[in-house]
Every structure is written in C-alpha cells, then in structure tokens.
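Owing to the predicted nature of the structure, the values given are computational and were not obtained by experimental measurement. Numbers restart at 1 for each chain; the letters A, B, ... are given by sequence-line order, proteins then strands.
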2 protein chains.
Amino acid sequence: MKKIDILKKLRTSGLRPTKQRVEIARFLFEREKTFHFTVESLNKLLAKKTTAKISLATIYNTVHSFKTAGHLSEVEVRGNKSYFDTNVSNHHHFYDSETSELIDIDANDIVIQKIPKAPNGKKIKNVEVFINLKN
Amino acid sequence: MKKIDILKKLRTSGLRPTKQRVEIARFLFEREKTFHFTVESLNKLLAKKTTAKISLATIYNTVHSFKTAGHLSEVEVRGNKSYFDTNVSNHHHFYDSETSELIDIDANDIVIQKIPKAPNGKKIKNVEVFINLKN
DNA sequence: TTTCACTTTAGAATTATTATAAACTAGAAT
DNA sequence: ATTCTAGTTTATAATAATTCTAAAGTGAAA
C-alpha cells in the first residue's frame with residue numbers, strides 16, 4: 001500500500017493523519033504480507049526504525065483507533081498480551097505456544113461441516129478456529 | 001462427585017488434601033454441570049459461600065495446581081482475565097462477549113471437514129473452535 | 001492567522017497475576 | 001502421642017499490560 005493510499009485510508013475512516021498515525025500506518029500497511037504484533041513488539045520495532053520517538057500511549061491509542069476503524073483485527077490468544085493482525089478478512093490461526101507465534105490460515109483452508117445453532121436469543125457473529133501447535 | 005472421590009482425586013494427583021483445597025475442590029467438582037469461572041469470580045463465590053476465608057493467593061495456587069493435574073482446563077478467551085473450565089474433555093465454546101459468558105459445545109457438535117497441515121517441523125496439538133455470539 | 005476539537009504525551013492509576021518469605025500444617029517418622 | 005519436615009497458606013510486595021488523566025501540541029476549517 002502506497003503512502004497516498006494510507007492517507008486516504010486514515011481520512012476516510014475519520015482519523016486525522018497526524019505525524020504519528022501516518023508513521024505507524026506506513027509501518028503496518030506498507031508491506032506485502034500480513035503482520036502480527038503486540039503493542040510491545042510494535043513499540044520496539046518503531047523505536048528501532050524511526051527518528052522521532054512515539055510515546056507508548058500513542059501506540060495504544062493508534063492501534064485501538066485502527067482496530068475500531070477496521071484496519072486491524074485483534075486475535076484471541078491465551079496469555080497476557082493482546083495480539084493484532086493486519087489481516088482483517090475472515091480467517092483462522094495456527095498458534096505456536098513455544099514461540100508465541102501466530103500464523104494466518106486462509107478461511108478457505110478450513111471447512112466446517114457441522115456447527116451447533118446459537119443459544120436462543122443469540123446469533124452467531126463469527127467462528128474462529130485455533131490450531132495449537134507443538135514440536 | 002462425592003467428597004470421598006474428591007479426596008481421592010487430590011491424593012492420586014499428588015496434592016495434599018488441605019482444608020482449602022478440599023473446600024475449593026468440593027465447590028468446583030460437586031456439581032452436575034460443567035462450570036466456567038475466573039479466579040475473581042471463584043474468589044467471590046467462595047467468600048459468599050464459606051465460613052473461613054481463603055486467601056486470593058491460595059485460589060491462584062490451587063486453580064493452577066488443579067489445572068496442572070488435569071482437573072481444570074484453561075480456556076483461551078480474548079480479554080484480560082483467564083477463564084477456567086471444569087470440563088477437561090476435548091470440546092469447544094460459544095463466547096458471548098456482551099456478557100463475557102462461555103458455553104460449552106460438545107466435541108461431536110462440530111465437525112471439521114478440511115484442515116491445513118501443520119507448518120514444517122510442527123505438529124497439531126489440538127484444535128479449538130470459538131463461536132462468537134451477538135444479540 | 002486564529003481557533004478549537006482532536007491528538008499526543010508523560011506519568012499516575014488500575015487490574016490481573018506472580019513472587020516472596022514468614023507462619024502454618026498434614027502426615028510420616030519416631 | 002510427639003516431633004519433624006516438606007509442602008502449603010497467607011499477607012503483602014512486585015510485576016506487567018493496559019487505561020486514565022490532564023496539560024501541551026497540532027491539523028485543518030473558517
């Protein structure tokens with residue numbers, strides 16, 4: 001994704017393209033593959049890469065804004081930290097607890113044949129499959 | 001499960017049946033249905049129910065001991081707190097984020113037809129399905 | 001250029017959990 | 001029964017992730 005598109009992405013989702021947001025957005029979205037991270041890892045990577053430092057609170061704010069705008073998804077993983085994913089399409093994950101690594105699984109690579117119906121009064125929002133790995 | 005069986009359960013898993021462990025174990029395992037809880041909710045419920053108070057640290061210790069012994073499973077749910085489940089068989093969950101409530105789904109009620117193979121060098125430990133609910 | 005609602009920031013506060021170390025206790029050995 | 005000891009409980013401190021606060025900064029509309 002090009003810088004011009006990133007600016008558009010921010011504006012169209014009602015996020016003022018500030019210096020910090022643009023820098024974070026470029027870091028996250030100017031890449032080919034999807035990217036998984038925690039706030040902590042993102043903070044370190046940005047600190048290494050960039051000139052001006054961005055405060056941790058801003059990284060939290062920005063990641064949440066991006067999530068609310070639908071530009072990031074939060075992945076449910078056991079443990080203390082929240083994981084985020086630049087892949088916002090419907091998909092699943094391998095989770096390697098030895099390395100705390102997440103790997104995307106395309107939605108088409110898992111087919112569910114039988115599924116229970118939702119408890120009464122509720123609807124199914126989405127189905128997430130986790131394939132936990134071992135060595 | 002009867003008290004005598006609970007004592008056996010503790011002893012056979014190398015856990016000395018102390019006053020506190022027996023009290024917690026009876027609260028968790030002397031019931032028909034499976035039970036989902038967080039340490040916080042368990043602490044409150046025990047405080048309401050019992051005479052002598054059990055310290056929060058002991059509840060953490062005990063829940064972890066029970067988990068290690070295979071008497072409880074930990075359920076991966078997005079959010080800050082850890083959820084535990086007295087159902088230790090292979091099964092899945094509905095998760096209602098509005099009420100933070102977990103509901104068991106029997107392993108037989110979900111059939112997965114197609115599944116990707118594990119990344120090289122890794123094996124599949126288990127597959128967990130979450131059906132997220134909305135109103 | 002002025003204005004102001006939105007944003008960033010440093011640091012404090014909060015929340016869940018784990019660590020510490022002293023007091024206690026179940027059960028084995030005497 | 002009494003003593004002993006490793007395992008357990010406890011209150012409290014420490015840690016870690018995240019959220020809150022309120023003051024200072026800034027994009028962009030007028």
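Tested against A:Ile6 for a side chain to side chain contact (heavy atoms under 4.5 Å, CB included), the candidates A:His71, A:Arg11, A:Arg26 yield a single pass: A:Arg26.
Summarising the geometry, the separation between NZ on A:Lys19 and P on D:dA28 is reported as 13 Å, rounded to the nearest angstrom. When the P atom of C:dA23 is taken as reference, atom CD of B:Gln20 falls 18 Å away, rounded to whole Å. Rounded to whole Å, atom P of D:dA16 lies 11 Å from atom NZ of A:Lys44. The CG atom of B:Asn61 sits 13 Å away from the P atom of C:dT20 (whole-angstrom rounding). Between B:Ile54 atom CD1 and D:dT8 atom C1' there is a gap of 13 Å when expressed in whole angstrom units. In this structure, B:Tyr60 atom OH and D:dA14 atom C1' are separated by 14 Å, rounded to whole Å. A straight line from CZ of A:Arg21 to P of C:dC6 spans 11 Å, rounded to a whole angstrom. In this structure, the CD atom of B:Glu40 is 9 Å from the C1' atom of C:dT15, given to the nearest Å.
Using a 4.0 Å cut-off, some side-chain N or O of A:His64 falls inside it from OP1 or OP2 of D:dT19. The side chain of A:Thr18 contributes no N or O atom lying less than 4.0 Å from OP1 or OP2 of C:dC6.
Of all nucleotides listed (C:dG27, C:dA19, C:dT7), C:dG27 comes nearest to the side chain of B:Pro17. Considering only side-chain atoms of A:Ala57, the nucleotide from C:dG11, C:dT8, C:dA16 that sits closest is C:dG11.
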Do B:Arg21 and B:Leu10 pass the side-chain contact (heavy atoms from CB on, under 4.5 Å) test, and can you show the C-alpha distance, the side-chain angles, and the key distance before you say yes or no? CA-CA 8 Å; B:Arg21 282 181 179 157; B:Leu10 292 178; 4.3 Å; yes
For A:Phe37 and A:Phe27, what are the C-alpha separation, side-chain angles and deciding distance, and is it a ring-ring contact (aromatic ring centres under 6.0 Å, His included)? CA-CA 12 Å; A:Phe37 63 94; A:Phe27 184 79; 8.4 Å; no
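Residue A:Thr38 is classed as having no contact, given no heavy-atom separation below 4.0 Å to the nucleic acid.
Ring centroids of B:Phe130 and B:Tyr95 are separated by 6.0 Å or more, keeping the two rings apart.
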